[in-house]
There are 2 protein chains.
Amino acid sequence: MYKTGDAGAGWREARRQSARAAIVDAAWAAVREEGLAALSLRNLARRAGITTPTVYAYFASKNDIYDAMFGQAAEEFSAHMAAPYDAGDPREVLTASARRFVEFCTSDLPRYQLLFQRTVPGFEPSAESFAPSVRALAGTRQRLADNGITDARCLDVWTALLAGLVGQQISNDPGGDRWVMLIDDIVSMFLAYCQPPRRAPRRPSRTPSRKQGAQP
Amino acid sequence: MYKTGDAGAGWREARRQSARAAIVDAAWAAVREEGLAALSLRNLARRAGITTPTVYAYFASKNDIYDAMFGQAAEEFSAHMAAPYDAGDPREVLTASARRFVEFCTSDLPRYQLLFQRTVPGFEPSAESFAPSVRALAGTRQRLADNGITDARCLDVWTALLAGLVGQQISNDPGGDRWVMLIDDIVSMFLAYCQPPRRAPRRPSRTPSRKQGAQP
DNA sequence: GTCTATATCCAGATAGAC
DNA sequence: GTCTATCTGGATATAGAC
């Protein structure tokens with residue numbers, strides 16, 4: 001998006017990025033008070049201590065601001081999910097990742113709406129801003145694989161489970177933990193159904209031609 | 001909301017309700033083309049063949065129109081879910097209800113958003129408009145009870161499952177069936193985890209007070 | 001009840017001086 | 001880059017004639 005080849009004037013570019021960041025911060029503050037779709041450039045500019053036209057010196061349009069917000073949120077999401085898990089057991093890691101996901105979504109409603117619901121009228125994130133989300137999904141895939149689950153359908157079931165958990169929590173018990181406290185149960189339910197049967201220790205047992213057995 | 005005691009002028013009230021219905025129909029047509037939050041009274045009036053001020057002869061405000069839409073959608077939802085199930089097996093009924101729910105949600109996006117997401121800025125449905133949804137939830141509770149499931153936590157798991165299914169289907173594969181086709185698996189997974197162990201057949205075992213027939 | 005006309009407000013975006 | 005001033009357009013809602 002921004003030129004990096006202009007070696008001599010790097011500091012200028014840095015200042016510009018800093019100003020952009022300040023505007024995006026003001027935008028987040030605005031949507032947290034007024035709602036995601038209610039973002040107005042006037043309000044945003046007032047919060048940032050500048051005037052409306054100045055915003056256009058840094059962003060081409062309102063949707064361009066949404067895109068910057070989306071990119072930042074996606075980066076946060078990726079980092080939040082990819083941070084080291086201290087648990088060693090793959091199942092505990094999976095459970096912890098579910099907790100992290102729910103915590104991430106419920107802790108910042110406009111961020112959740114921007115990232116996961118498509119509630120802003122004419123806005124579509126650019127591929128660039130979307131990239132971190134793709135990385136995060138790859139992490140999910142890996143954590144499932146670590147539990148012996150590689151079937152694409154099981155991945156879809158898993159994402160549906162988490163999406164539903166978050167959606168219900170936010171819609172029907174905002175600020176509470178009515179669905180959050182179901183995480184352990186839901187992981188158990190999911191693994192009981194999707195995880196290939198454990199091999200009995202010390203017994204090779206050679207279950208043949210389980211097509212599902214392609215898992216590492 | 002509307003008076004029914006005025007016996008002599010019932011036809012007048014009927015005409016009024018008919019005119020209201022026409023406006024609400026035009027509103028649905030509008031939101032299906034422009035999006036739920038983008039509903040404008042100008043557009044709505046033009047579609048209904050009237051002018052903007054005339055709308056205010058039938059509705060007190062824009063949110064009043066949303067409320068009428070919500071009430072109608074909730075009525076449709078309740079009727080859709082409560083219609084007779086030809087399957088006799090409680091499990092098949094439960095599965096069919098899940099299909100109906102997903103079909104209802106995915107077949108009309110603005111209706112889904114209005115009913116289940118709270119995406120319209122200042123709008124909250126009135127208790128009156130909300131009532132049919134409560135009835136529908138009672139039906140869900142009954143169908144789960146018919147499968148031996150009465151635990152409140154299991155009900156929450158069930159609603160989360162369906163909500164997630166619908167959400168993922170709409171967000172990530174609109175118009176497709178990537179998550180829809182997981183319904184059978186999800187019911188199996190859910191029942192395997194939440195349903196109490198089956199009693200052996202041919203043993204009367206006297207399960208008392210089956211109340212399945214309560215649905216109209 | 002329905003219209004024309006209008007009030008009031010706010011939106012996103014731009015022109016041009018400095 | 002930042003401002004003042006303004007353009008253009010659309011929103012909800014109301015006044016008042018008929």
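All values below were derived from every heavy atom in this structure, side-chain atoms included, with hydrogens, water molecules and symmetry-related copies excluded. Computed from a prediction, not measured in an experiment: that's the story for all the values here.
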Where the side chain of [X] is concerned, which of [options] is the nearest nucleotide?
X: Lys62(A); options: dG12(C), dC3(D), dT12(D); result: dG12(C)
X: Tyr58(A); options: dG1(D), dG12(C), dA5(C); result: dG1(D)
X: Tyr56(B); options: dT4(D), dG12(C), dT12(D); result: dT12(D)

Rounded to whole Å, please give me the gap between [atom1] in [X] and [atom2] in [N].
X: Phe123(A); N: dG12(C); atom1: CZ; atom2: P; result: 15 Å
X: Phe59(A); N: dT2(D); atom1: CZ; atom2: P; result: 12 Å
X: Asn63(B); N: dA11(D); atom1: CG; atom2: P; result: 16 Å
X: Arg20(A); N: dG1(D); atom1: CZ; atom2: P; result: 12 Å
X: Ile65(A); N: dA13(C); atom1: CD1; atom2: C1'; result: 12 Å
X: Ile23(B); N: dG1(C); atom1: CD1; atom2: C1'; result: 11 Å

Below 4.0 Å: OP1/OP2 of [N] and any side-chain N or O of [X]:
X: Thr51(B); N: dC3(C); value: yes
X: Arg42(B); N: dG10(D); value: no
X: Thr54(A); N: dC3(D); value: yes

How would you label the contact of [X] with the nucleic acid (heavy atoms, under 4.0 Å): base, sugar-phosphate, or nothing?
X: Leu39(B); result: sugar-phosphate
X: Leu44(A); result: nothing
X: Arg15(A); result: nothing

- [ ] Hey, which sits more toward the 5' end of DNA chain C by its nearest nucleotide, Ile50(B) or Ser61(A)?
- [x]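 Its nearest nucleotide lies further toward 5', so the answer is Ile50(B).
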
Task: Check: Val102(A) main-chain N/O paired with Thr106(A) side-chain donor or acceptor under 3.5 Å - done: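 Yes, the answer is positive, given that a donor and an acceptor are paired below the 3.5 Å cut-off.
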
Task: Stacked cation flag Arg100(A) on Tyr85(A), 6.0 angstrom / 45 deg - done: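 Verdict for Tyr85(A): a cation-pi partner in Arg100(A).
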
TODO: Report yes or no: is the cationic atom of Arg99(A) (NZ for Lys, CZ for Arg) closer than 6.0 Å to the six-membered ring centre of Phe104(A), at no more than 45° off its axis?
DONE: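 No.
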
Open item on the list: Is it the case that the ring center of Phe70(A) lies less than 6.0 angstrom away from the ring center of Phe77(A)?
Closed with: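 They do not qualify: ring centres at least 6.0 Å apart.
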
